[in-house]
There are 2 protein chains.
Amino acid sequence: MSINADTKDRILATARELFHGRSYADVGIKEICTLANVQKGSFYHFFPSKQDLAMAVIDDMSDDWAQGFVAEAFDEALPPIERLDYMVDAIYYWQKAAKSAEGRMPGCLFGNLALEVSTRDEVLRARLNAVFDKASASFHKALEQAVELGEMPPLDTAATATAMLAYLEGVILLAKTRNDPEVVRILGPAIKSIRIE
Amino acid sequence: MSINADTKDRILATARELFHGRSYADVGIKEICTLANVQKGSFYHFFPSKQDLAMAVIDDMSDDWAQGFVAEAFDEALPPIERLDYMVDAIYYWQKAAKSAEGRMPGCLFGNLALEVSTRDEVLRARLNAVFDKASASFHKALEQAVELGEMPPLDTAATATAMLAYLEGVILLAKTRNDPEVVRILGPAIKSIRIE
DNA sequence: CCTTGACTTGACCGACCGGTCTAATATACT
DNA sequence: AGTATATTAGACCGGTCGGTCAAGTCAAGG
């Protein structure tokens, strides 16, 4: 192991921050390298291409989510419907914190990337799709349990789960465009009203 | 008037198509000029910058919408709630047609641009915000009338209108990521279930 | 000690970016 | 006809892009 075993991690963390705060196309490898204190050669030692970096960033963020507040929000100990509110709250506080730290609401990295690259890069699109599928599955489980527990009248849980995810992404999109996290707080809770029979 | 009085229009139409089908950053002025059969000098005669072009494209598309299917969908002759379904249908058929023509679902130009540029360009962000506000207003009017006519129990019509717009954008985002317009058809109608009291 | 191979350095590459500029050309007005 | 003005043409600019590469440095294994 080298003394700089964390080089790859630094690249990853820096890229993630920059991609999230701006966009894929706007952030160059040179900039990532500079901020991560890494030389270009080292970068290309770890990542064969910018696309590969993007995939790594997506996977990295996805893992962090799965182990982070998404795991908390969809904790089976919580009543299913409360999980939805937890998720909305988590997003709200996160975006609010990000805005006060950097002045701008970054929105959802996955949503941002999806709209930016999915017409141009099939590989990344597929990756992002998988992330959305996984997220949708969390909603699905919560809905199934809600129905099972009688907390919610029966419905098409799979379709509704996807619709809820879509709603969340849409709310974040609008909030980002307004650069106002309050949009999430105001519109977010209506996620519970969405129903597909 | 010059024999090529439509030069500006050709630039605009080409840029709109390219921005919509790909992204703002991915499309260069040179490419727009080539496809529009215009030279760079002419381009910069009509548009002082790429940013100005983007604004013009946003305005152009927004006007087309306002006079096109959005006007039809939100026609006051239609029962308010049917307007929502009309809107969803219109989006579905549009995206489906675009996909079979070009192989890819382009999604919503405004949503695409919003996520791509709103952290980087305040001017464009403001413009996109205005477009969303205008769209939200159409929903708002429909909801107000629905409540008035007793077709819908009273609710916070303004917030719900924005929520519906957010939902639509989210559905389009997901559909684009899946490159599958059917997502719009399946999830779209649930827009009517969204409620903010 | 010497080799191996992972890692780093930074110069370098061609392509392309948004944007500028000068000169030519077409049109409209007097 | 002559002149002003709008439009077009396309070479050109500095800068940046993603990516390559040859030349190293350095720690671990034999």
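Computation of the quantities below employed the complete heavy-atom set of this structure, encompassing side-chain atoms and omitting hydrogens, waters and symmetry-equivalent molecules. Chain letters run A, B, ... following the sequence lines, proteins first, then strands; residues in each count from 1.
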For A:D89, all residues meeting side chain to side chain contact (heavy atoms under 4.5 Å, CB included), sequence neighbours excluded: A:Y93
Between CD of B:E31 and P of D:dC17 the distance, given in whole Å, is 19 Å
Side chains of A:S62 and A:D59: donor-acceptor distance under 3.5 Å anywhere? no
Donor-acceptor under 3.5 Å (B:K99 side chain, B:N179 main chain): yes
Around atom CD of B:E17, are there more than 12 heavy atoms from other residues, nucleotides or ligands closer than 6.0 Å? no
State whether the distance check finds a donor on one side and an acceptor on the other, under 3.5 Å, for side chain A:K40 versus base D:dG19. yes
So, is the end of the B:K50 side chain (NZ or CZ) under 6.0 Å from the ring centre of B:Y24 and within 45° of the ring's axis? yes
Could you state the atom-to-atom distance from OH of B:Y44 to C1' of D:dT7 in whole Å? 17 Å
Using atom CD1 of A:I29 as one end and atom P of C:dC17 as the other, report the distance to the nearest whole Å. 17 Å
Would you say A:Q39 places a side-chain N or O within less than 4.0 Å of OP1 or OP2 belonging to C:dG10? yes
If we count only N and O atoms by modelled type, under 3.5 Å, do the side chains of A:R83 and A:Q145 hold a donor and an acceptor together? yes
Separation of C:dC12 atom P from A:F43 atom CZ, nearest Å, is 22 Å
Contacts to DNA chain D from residues 48-56 of chain B, heavy-atom cutoff under 4.0 Å, which residues? none
On DNA chain D, more 5' by nearest nucleotide between A:G41 and A:K30 is A:K30
Rounded interatomic separation in angstrom, taking CZ from B:F46 and C1' from D:dT7: 6 Å
Any side-chain N or O of A:H45 below 4.0 angstrom from OP1/OP2 of C:dT8? no
Atom CG of B:D26 and atom P of D:dT16 are separated, to the nearest Å, by 20 Å
For B:L78, the other hydrophobic cluster members (4.5 Å side-chain criterion, sorted by chain and number) are B:Y86
Hey, is the side chain of A:T7 poking within less than 4.0 Å of OP1 or OP2 on C:dT8, counting only N and O atoms? yes
In whole angstrom, what separates B:N37's CG from D:dT7's P? 18 Å
